[in-house]
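One structure, pasted below without further comment.
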Amino acid sequence: MGADDSRLLGSADESELEVEDPHDHAAGLKAVTVAMQRAVGQMGPVRTARALLRLNQADGFDCMSCAWPDPDPEHRHRAEFCENGAKAVAEEATKARVTPDFFARNSISDLLEQTDHWLGQQGRLTHPMVKWPDSDHYQPIGWDEAFMLVGDHLGALGSPDEALFYTSGRASNEAAFAYQLFARELGTNNLPDCSNMCHESSGVALIDTIGIGKGSVSLEDLYRADLIVLAGQNPGTNHPRMLSALEIAKRRGAKIISINPLREAGLVNFRNPQYPRGVVGKGTDLTDLHLQIRLNGDLALFQAIGSLLVEWGAVDHDFVSAHTEGFDAWRAHVAGVEWEQVVAATGLTRDQITEAARMIADSDATIYCWAMGLTQHRNAVATIKEVVNLALARGDIGKPGAGLCPVRGHSNVQGDRTMGIWEKPPAAFLDALADAYGFEPPRHHGYDTVECIHAMLEGKASVFVALGGNFLHAAPDTALTAAALEKTALTVQISTKLNRSHLITGRTALILPTLGRTERDEQVGGPQFVTVEDSMSVVHASRGRLDPASEHLRSEVAIVTGIAEAAFGADSVVDWAALRSDYRLIREGIERVVPGFEDYEQRVVQRTGFVLPHPPRDSRSFTTPSGKAHFTASAIETLEVPPGHLVLQTLRSHDQFNTTVYGLSDRYRGIEGGRLVVMVNRRDLEAMGLQDGDRVDIVGCWDDGRDRRVRDFRVVEYDTPVGTAAAYYPETNPLVPLGSAAVGSNTPTSKSVLVRLEPTR
Ligand SMILES: Nc1nc2c(c(=O)[nH]1)N[C@H]1C(S)=C(S)[C@@H](COP(=O)(O)OP(=O)(O)OC[C@H]3O[C@@H](n4cnc5c(=O)[nH]c(N)nc54)[C@H](O)[C@@H]3O)O[C@H]1N2
Ligand SMILES: Nc1nc2c(c(=O)[nH]1)N[C@H]1C(S)=C(S)[C@@H](COP(=O)(O)OP(=O)(O)OC[C@H]3O[C@@H](n4cnc5c(=O)[nH]c(N)nc54)[C@H](O)[C@@H]3O)O[C@H]1N2
Ligand SMILES: [Mo]
């Protein structure tokens, strides 16, 4: 059984669950065989060959599994993909179909009984479908009628701010730009996105300190680094192609420090499946120093390292005086670091921390990489600013082989933000939009993800449109998010595959099925391609070649422009039909509005695309109000865990993409055949009178009077620091309190949830 309300998770059969020892290496032959089995199983051999050979090639499509950049063509392999990239392609290019017949056979109540894994396995959505109020079935609807339905609902709103336009980070630049243009012409900045739950803390911290919310390194920098720090990231599973870059860096003499409560296989050793030595050999040992930190101990760790750098005089004073401000205040602050507090917060010894500081002091070029392990805590913004402090103190910005590298998640999440998917758009962006299109966009901020759940709950918003994603299961506090969506008049999901957000809906609900990245996109003006931006600000083209999953699918651009035409009638400043017919016109608009896109059309079709400007990286100039980068001083807070309680992190298995569960094999962690597990240290189990294999309910301890509980999880004894635990997202999202979010970024605190375990009755 899953959550308290079984509608939220379905009823999982976990009878096959088996646990063995975690692995000490990532990839290798097994990764290749799993990738090929899954690919051939879902796509068949011909489609597999056709799809995988186009993946991440200059004339092919961009892998939708993560935002890791592609090597330049000389360093690119003929098969530039990884196990999880192959699974992502198989998931989209599957031969299975969810047809009107499927919806006739399965009522919504029936489908709610199924797990997310099952829902995803049913295949690609083929027809636009509608669920009318009080009906328990989806039925087919024509595209024009569907668009009119959305247009009518939007027209009936008292204010455009009663509409919400969510985006998941897979949408192309073209779709995202058209979507925000539509929302803003309508009159709202309600453009929440998955980034609000993901790297928002990184964006906020970086804009405040260095003036731009993006990372400052290239792949070449990674190859040239002396030292690479990997904090709060599991690259072996979530960015497997990063391991190839780390392997190159290692072979050129780089050292690696990993900071993670878990000893993730991909941090330990990598057997590169692109080379024979990786398939049969021993692989490359990656980590030189592993710091098994307590959850949320990172701020204390980085601050303590800063205090040692200052004490040792290991500061780049030339850089600090030329390019930064706030150094003296920071130095005074870190001089007061109390080691007892640092040791308590980090769970590390002073010797371990000193060793890490020594490696940083000895390195001429350090790169800091991080992901969700840093961004999803209450003090996430302050923690990332502490990383920036170290980079500034050592002059590690705008120098070859050095820099800041927030490793993005969704393949175009960074591009979507560049395109204006942002509830808090900068004034300069809105000014440029006004100039280019001749209308006055709204200036007041819109709702982010957390705020939009509140808005729905309070009846302040009643139309919810999602350009991709699975809002119900990505958002925190599943029961509250479900209640929020169910209060709306209309939910619209522009999707490729069935998920739970199609089942827990507004009174009326639409499913608008769309083309995926792998598929050919033909419009009136001829064949189209789209563009995306990776984690290192490289913009390039993506062309699908496969036959669309159904002749009834429309592209994301076609759907967004169709909704816009229905909403505005003849009354729009934009020629939506023209944009749809030829995406070059959208790129012309982007070129006029967004800096760095000059000669977009010519440059993007070059084999490697082009790199967007990044002032700190390019010229050590900082676009903060003072023109300097900022040191910041933050207080160390230790997460208090009362006796009998644990801090839980919610993370990804090796066999899922966010809310899409590919399968039940978390191979590297040795957990097979089920997902309802909670990983706990042996000492905590002893203290609680539990043991490996016991069945427990995980109970949330957020003090707002709501009962948050997921039922019947299997306890797995695991090497995680005392007082901490880990379980999978999204099954444990019911425990993540809506009211608990990062200060400054409002990102839900999915990596520090206070819980206790109760034996399941
Ligand atoms: N195959 C696959 N690829 C993906 C995704 C996927 O689901 N599947 N998702 C994509 C997306 S959207 C994103 S954002 C990224 C996510 O990529 P990751 O951030 O790697 O994803 P998580 O599984 O959330 O892993 C968080 C890691 O941080 C560690 N951690 C947790 N808390 C802390 C902490 O307090 N301190 C430190 N130092 N470490 C901590 C965990 O042990 C874990 O190793 O991956 C992207 N790529
Ligand atoms: N507890 C907890 N919660 C989390 C996280 C966590 O670590 N812990 N991580 C957070 C993070 S980092 C993120 S990014 C969010 C992810 O949040 P989302 O981006 O909302 O979720 P996904 O699971 O990536 O969305 C999957 C759905 O997208 C649709 N889709 C797939 N491809 C396409 C396409 O090409 N076009 C369109 N239109 N639709 C498509 C499919 O229907 C699929 O079911 O979740 C967040 N939630
Ligand atoms: Mo993400």
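Counting starts at 1 for both ligands and their atoms, in listed order.
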Which protein non-hydrogen atom lies closest to atom 21 (O) of ligand 2, naming both residue and atom, and how far is it? Asn470 N, 3.6 Å
Please identify which atoms of ligand 1 are closer than 4.0 Å to at least one heavy atom of Cys198. 14 (S)
Please confirm whether the backbone N or O of Leu512 pairs with a side-chain atom of Trp143, one donor and one acceptor, at under 3.5 Å? no
Hey, is the main chain of Leu230 close enough, under 3.5 Å, to the side chain of Gln233 for a donor-acceptor pair? no
Check this for me: does any side-chain nitrogen of one of Arg417 and Asp193 sit under 4.0 Å from a carboxylate oxygen of the other? yes
Results of ring pair (Phe, Tyr, Trp, His ring centres under 6.0 Å) for His239 - residues two or more places apart only: none
Could you tell me if the side chain of Thr518 sits less than 4.5 Å from the side chain of Met64, heavy atoms only? yes
What about Thr237: any of its N or O atoms under 3.5 Å from an N or O on ligand 1? yes
Shortest protein heavy-atom distance from atom 20 (O) of ligand 1, along with the residue and atom involved: Asn234 N, 2.8 Å
Heteroatom distance test (Tyr662, ligand 1): nitrogen or oxygen, under 3.5 angstrom: no
For ligand 2, which is the ligand I care about here, please tell me if Asn658 has any N or O atom under 3.5 Å from one of the ligand's N or O atoms. yes
Stepwise, does the side-chain hydrogen bond (donor to acceptor under 3.5 Å, both in side chains) test hold for Asn196 with Asn746? CA-CA 7 Å; Asn196 297 148; Asn746 218 17; over 6 Å; no
Around atom 22 (P) of ligand 1, find the nearest protein heavy atom and jot down its residue, atom name and distance. Arg652 NH1, 3.6 Å
Taking a cutoff of less than 4.0 Å between a non-hydrogen atom of the residue and any ligand atom, is His377 in contact with ligand 1? yes
So, does Lys497 use its side chain to make a donor-acceptor pair with the main chain of Gly123 at under 3.5 Å? no
Check Ser750 against ligand 2 and report side chain, backbone, both or neither, counting heavy atoms closer than 4.0 Å. side chain
Atom 18 (P) of ligand 1 - nearest protein heavy atom and its distance: Asn238 ND2, 3.4 Å
If hydrogens are left out, which of Thr650, Thr496, Thr747, Asn196 has an atom nearest to atom 41 (C) of ligand 2, that is, the closest non-hydrogen atom? Thr496
Between His654 and Tyr662, does the ring centroid distance fall short of 6.0 Å? no
For ligand 1, which atoms sit closer than 4.0 Å to a heavy atom of Leu262? 42 (O)
For ligand 2, is any non-hydrogen atom under 4.0 Å from His473's backbone (N, CA, C, O), its side chain (CB onward), both, or neither? neither
Ignoring angles and geometry beyond distance, decide whether Gly516 reaches within less than 3.5 Å of ligand 2 through its nitrogen or oxygen atoms. no
I'd like to check which ligand 1 atoms, numbered from 1 as shown, lie under 4.0 Å from a non-hydrogen atom of Glu264. 42 (O), 43 (C), 44 (O)
For ligand 2, is any non-hydrogen atom under 4.0 Å from Arg170's backbone (N, CA, C, O), its side chain (CB onward), both, or neither? side chain
The answer for which part of Lys87 has a heavy atom under 4.0 Å from ligand 1 is neither
Per-atom contacts of ligand 1 with Leu295, taking only distances under 4.0 Å to non-hydrogen atoms: 31 (C), 32 (N), 33 (C), 35 (O)
Under a 4.0 angstrom heavy-atom cut-off, which atoms of ligand 2 come close to Tyr166? 17 (O), 18 (P), 19 (O), 20 (O)
Report the part of Val407 in contact with ligand 1, treating N, CA, C, O as backbone and CB onward as side chain, heavy atoms under 4.0 Å; options are side chain, backbone, both, neither. neither
Could you find the nearest protein heavy atom to atom 24 (O) of ligand 2 and give me its residue, atom name and distance? His410 NE2, 2.9 Å
Side chain, backbone, both or neither: Gln493 near ligand 2, heavy atoms under 4.0 Å: neither
Please say whether Gly297 places an N or O atom under 3.5 Å from an N or O atom belonging to ligand 1. no
Per atom 7 (O) of ligand 2, closest listed option by heavy atom (Arg517, Lys751, Met372): Lys751
Within a distance under 4.0 Å of any heavy atom of Cys66, pick out the atoms of ligand 1 and give their elements. 47 (N)
Taking only heavy atoms of His239 into account, list the atoms of ligand 1 that are under 4.0 Å away from them. 15 (C), 17 (O), 45 (O), 46 (C)
Does Glu556 approach ligand 2 within less than 4.0 angstrom via side chain, backbone, both or neither, non-hydrogen atoms only? side chain
Hey, looking at atom 17 (O) of ligand 2, which of Ser172, Gly169, Ala474, Ala371 has the closest heavy atom? Ala474
Cut-off 3.5 Å, side chains only: do Gln656 and Asp116 have a donor facing an acceptor? no
So, Arg241 and Asp70, do they make that salt bridge, N to O below 4.0 Å? yes
Do Cys63 and Trp68 have side chains that approach each other closer than 4.5 Å (heavy atoms only, starting at C-beta)? no
Side chain or backbone, does Leu651 bring an N or O within less than 3.5 Å of an N or O on ligand 2? no
Return the closest protein heavy atom for atom 4 (C) of ligand 2 as residue, atom name and distance. Tyr729 CE1, 3.2 Å
Would Glu83 and Lys87 pass as an ion pair if we require N to O under 4.0 Å? yes
List the closest protein heavy-atom neighbour of atom 42 (O) of ligand 2: residue, atom name, distance to the nearest 0.1 Å. Lys497 O, 2.8 Å
Within a strict 4.5 Å, meaning less than it, do heavy atoms of the Tyr728 and Val677 side chains meet? yes
Identity and distance of the protein heavy atom lying nearest atom 28 (O) of ligand 1: Gly232 C, 3.2 Å
Look at the side chain of Ser501 and the backbone N and O of Phe471, then say whether any donor-acceptor pair between them is shorter than 3.5 Å. yes
Ligand 2 atoms nearer than 4.0 angstrom to some heavy atom of Gly468 are 37 (C), 38 (N), 39 (N)
Could you check atom 44 (O) of ligand 2 against the protein and tell me its nearest heavy-atom contact, residue, atom and distance included? Asn499 ND2, 2.8 Å
Have a look at ligand 1 and work out which part of Asn84, if any, has a heavy atom under 4.0 Å from it: side chain, backbone, both or neither. side chain
Minimum non-hydrogen distance to atom 38 (N) of ligand 1, winning option of Thr660, Leu639, Asp298: Asp298
Looking only at protein heavy atoms, which one is nearest to atom 33 (C) of ligand 1, and how far off is it? Gly373 O, 3.3 Å
What atoms of ligand 1 come closer than 4.0 angstrom to any heavy atom of Ile259? 37 (C), 38 (N), 39 (N)
Test of understanding: given a 4.0 Å heavy-atom threshold, classify the contact between Thr514 and ligand 2 as side chain, backbone, both, or neither. side chain
Any N or O of Gly469 closer than 3.5 Å to N or O of ligand 2: yes
Closest by any non-hydrogen atom to atom 46 (C) of ligand 1: pick that one out of Gly409, Ser535, Cys194, Ala726. Gly409
Identify the closest protein heavy atom to atom 31 (C) of ligand 1: which residue and atom is it, and at what distance? Gln649 OE1, 2.9 Å
Is it the case that the side chain of Asn412 and the backbone of Glu533 share a donor-acceptor pair, with hydrogens and angles ignored and the cut-off at 3.5 Å? yes
By number and element, which atoms of ligand 1 are closer than 4.0 Å to a non-hydrogen atom of Asn296? 34 (C), 35 (O)
Considering only NZ, NE, NH1 and NH2 on the basic side and carboxylate oxygens on the acidic side, decide whether Arg38 and Asp655 come within less than 4.0 Å. yes
Thr659, portion touching ligand 2 at heavy-atom distance under 4.0 Å: both
